[in-house]
Amino acid sequence: MNLKILHLVFLVATGIVLSAQGSSLRKIPLDQGWVFNPSDDPAFADVGLNDETWRPIRVDINWDAQGQKELIGYAWYRLRFSLPKEIRDADKLKEGVLLALGKVDDGDQVFLNGEFLGQNGRTFAPGTKPPEFRTGPWDLERVYRLAMDDPRIKWGQENLIAVRVANPNGAGGMHGKGSRFMRLVGLIDFVDFQSDMTPFTFQGNEVVKSFDLVNRSTSNAMTGTLIIEAKELVSGKKVIQNRKNIDIAPSERMTVNLQLGQREEACGISYQIVFKDGETCEYREESPYILTPPAPSSPRINGATLFGAKPGKPFLYTVAASGDRPMVFSASGLPDGLTINAQTGIITGTTPARGTYKVKITAKNAKGEAVRDLEIVSGDRLALTPPMGWNSWNCWGLAVNEEKVVASARNFVEKGLRDHGWTYINIDDGWEIAGASPDPKRDGDGNILVNNKFPDMARLGRRIHDLGLKFGIYSSPGPLTCGGYTGSYQHEQNDANSYASWGVDYLKYDWCSYRRIAKDTSLTELKKPYEVMRDALAKVDRDIVLSICQYGMGNVWEWGDSVGGQLWRTTNDIADTWESMSDIGFSQVDNAPYAKPGSWNDPDMLVIGWVGWGPNLHPTRLKPDEQDTHVSLWCLLSAPLLIGCDLTRLDPFTLNLITNDEVLAINQDSSGKQAYPKIKEGQIQVWVKDLHDGGNAVGIFNLGDAVTDFEVNFEDLGIKGQKKLRDLWRQKDIDLLKGKHSVRIAPHGVVLLKVI
Ligand code: GLA
């Protein structure tokens with residue numbers, strides 16, 4: 001029998017990634033033959049509708065990539081396929097069939113043979129009225145499970161799937177590299193490797209994990225063999241090879257313990273189950289490692305060396321310094337009007353008159369002393385180095401509340417992140433009163449009202465500032481935010497005033513429903529709402545960084561600075577997948593010339609740690625090497641660094657990723673330059689960033705799936721006469737031989753160097 005490989009991302013109760021094999025599942029591929037109509041009509045679900053004039057469309061890439069760039073609103077996809085009765089006859093488990101449709105950006109409703117089936121990957125009972133929907137979880141694999149006798153399925157006949165897609169902004173349509181198909185539900189669909197929700201931990205230096213393998217079937221036992229193999233990715237060294245019989249009763253579980261020992265690189269681990277009837281499934285993951293030595297106990301001053309503020313406005317800058325506490329801070333050359341708190345290193349006061357002030361900061365503790373220069377530039381520009389902080393969106397989505405924001409601020413301090421330069425605590429969407437709420441959206445004076453999750457914004461601002469951190473907020477120039485909350489349209493000055501009264505330091509201003517207001521997509525219309533908010537912010541007595549969010553429309557990098565932005569999103573939303581992160585990160589090329597102090601291209605927030613865009617979080621789906629690539633690339637790109645995870649759940653690997661001061665210094669380098677790709681050879685890309693000290697940061701990335709050797713010749717990168725080479729993740733000097741350096745790089749991994 002011809003075994004076919006089904007690579008599927010299948011979400012049962014949790015989100016597990018299974019690669020499964022088994023011809024007994026009778027898979028019918030549904031990847032080809034789709035047709036498309038870029039308009040909206042309920043009749044498009046009907047079986048009898050003539051769709052011969054609809055245009056053929058691919059479903060693995062979004063419609064923007066297929067000539068529908070400006071399509072905002074609804075559109076339909078249809079596919080006809082035949083469903084042999086033989087599939088029904090082959091069903092032994094009596095668990096039904098699966099329909100997998102890939103991803104849909106942003107929201108979707110699915111109809112099978114004219115009947116509503118479900119939306120966003122959930123099945124609804126026959127005859128259920130389609131619930132209203134606005135947007136959906138655009139990065140979720142849509143998978144429907146149907147009973148064998150579901151009346152919506154037509155066995156032995158032609159069937160019709162119709163998908164109605166809603167796209168309120170940015171890219172749209174069916175997409176995703178996974179496959180689309182219909183097949184029998186098999187035993188493999190009941191395997192729940194809870195490994196994906198159970199991160200590795202470190203016992204001393206040893207990498208360990210213990211997780212449950214659960215049989216989710218209520219009627220069938222899981223009987224077969226479990227084969228576990230682990231080997232180091234780069235060296236190829238075998239670490240575990242283990243096979244055992246399993247027999248897990250319905251609804252039962254068994255615990256799997258894994259001990260990988262001390263590792264300086266990722267292990268690739270495979271858990272394979274071979275069932276008695278021959279079906280197999282496999283779950284793969286990679287283990288974390290710690291590359292960076294701990295910061296010394298003596299003081300080390302980190303973070304930005306350049307800080308911009310506007311004359312006469314309230315001033316707040318916190319000296320970031322690692323090392324044992326207590327620590328005593330002092331500053332010489334501080335201009336009049338500013339004072340430093342000796343215990344905390346927080347500098348406050350009123351920004352002095354225009355000019356550049358060179359200050360010497362000293363931090364002392366029982367182990368020693370550190371001295372470093374800080375340049376305070378009083379003028380028109382803010383964010384002279386890329387903002388570093390936390391934003392609520394990638395973790396909590398609209399489920400954010402005051403308690404979660406305060407917990408993030410406290411964790412910045414308690415976990416020592418503030419000591420490495422992490423500063424902003426930004427609330428994204430979800431603090432305002434809901435746009436659809438019958439309650440008033442604004443008070444009698446037109447001031448915005450908050451929802452009950454944020455009872456006192458001024459108090460929240462004070463709590464954040466007291467910790468030496470800065471407070472960020474979110475709105476839309478349209479009547480509604482992307483999440484359906486009240487936007488700033490026609491109340492821009494009210495909102496700027498409210499923000500100032502709450503102590504806001506940063507505003508992310510997200511296009512969203514402004515598309516209904518803009519007359520067209522001309523530059524004048526694209527710029528207008530940001531100019532209005534720029535002027536409103538200019539009238540308040542605070543420095544408020546303006547973060548433009550409109551997904552890169554009209555090459556925003558060419559004019560974002562002129563409409564008052566310090567940073568601007570260059571892309572659609574990021575997701576915690578290699579596909580999304582690498583597509584975004586490695587395409588940041590044309591915008592590079594526009595990066596400079598106070599003007600940053602924003603390829604969206606970091607997707608490391610526990611993320612989830614809602615109340616239920618999961619560990620990022622990026623593998624450890626992919627996370628190194630993510631952070632290294634964002635640092636090379638001089639991208640704003642906004643951590644988007646739950647800071648109360650930071651594992652040692654994630655903490656290591658965001659506290660390596662030599663890596664962060666590349667991001668915060670005062671030259672403000674953005675890296676360029678200098679070499680593209682096969683799957684290797686070498687990106688180079690010029691640094692203020694005449695040195696260069698060099699990222700050698702392996703975008704491929706195999707371990708790859710590469711020899712970099714620095715002259716090929718235009719770097720001449722270099723003397724010193726340093727591995728930034730390991731914080732180790734490397735011998736430089738004849739201007740060349742050979743590296744072996746893990747799949748999707750990076751080697752990050754500084755050459756000087
Ligand atoms: C858009 C933005 C996201 C986030 C959400 C909030 O999708 O791109 O970063 O702010 O809106 O609704």
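The chain is numbered in sequence order, starting from 1. Whatever order the structure lists ligands and atoms in, that order sets their numbers, starting from 1. Quick note: numbers below take in every heavy atom, side chains included, and nothing from hydrogens, waters or symmetry partners.
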### Task
Run the salt-bridge test on K689 and D669 with the 4.0 Å N-O cut-off and return the result as yes or no.
no
### Message
Against ligand 1, does D510 come closer than 4.0 Å with any heavy atom?
### Response
yes
### Query
Would W431 and W502 count as a close aromatic pair, with their ring centres under 6.0 Å?
yes
### Query
Do L398 and Y485 come within less than 4.5 Å of each other through their side chains, counting heavy atoms only?
yes
### Query
Atoms of ligand 1 less than 4.0 Å from C549 heavy atoms?
8 (O)
#### Entry: Close side-chain approach of W687 to L633, heavy-atom, < 4.5 Å
yes
## Note on the structure
Looking only at protein heavy atoms, what sits closest to atom 10 (O) of ligand 1 is D428 OD1, 2.6 Å
### Query
Counting both backbone and side chain atoms, is some N or O of D429 under 3.5 Å from an N or O of ligand 1?
yes
### Task
Could you check atom 3 (C) of ligand 1 against the protein and tell me its nearest heavy-atom contact, residue, atom and distance included?
D573 OD2, 3.5 Å
### N667 side chain vs A639 backbone, donor-acceptor pair below 3.5 Å
yes
### Task
Select one of side chain, backbone, both or neither to describe which atoms of C512 lie under 4.0 Å from any atom of ligand 1, heavy atoms only.
neither
### Task
Taking only heavy atoms of G483 into account, list the atoms of ligand 1 that are under 4.0 Å away from them.
12 (O)
### Task
Please could you name the atoms of ligand 1 that Y551 approaches to less than 4.0 Å, counting only its heavy atoms?
8 (O)
#### Entry: Side-chain donor or acceptor of E432 paired with backbone N/O of G430 under 3.5 Å
yes
### Message
Looking only at protein heavy atoms, which one is nearest to atom 9 (O) of ligand 1, and what is the separation?
### Response
K508 NZ, 2.8 Å
### Message
Taking the six-membered ring for Trp, are W511 and Y551 closer than 6.0 Å centroid to centroid?
### Response
no
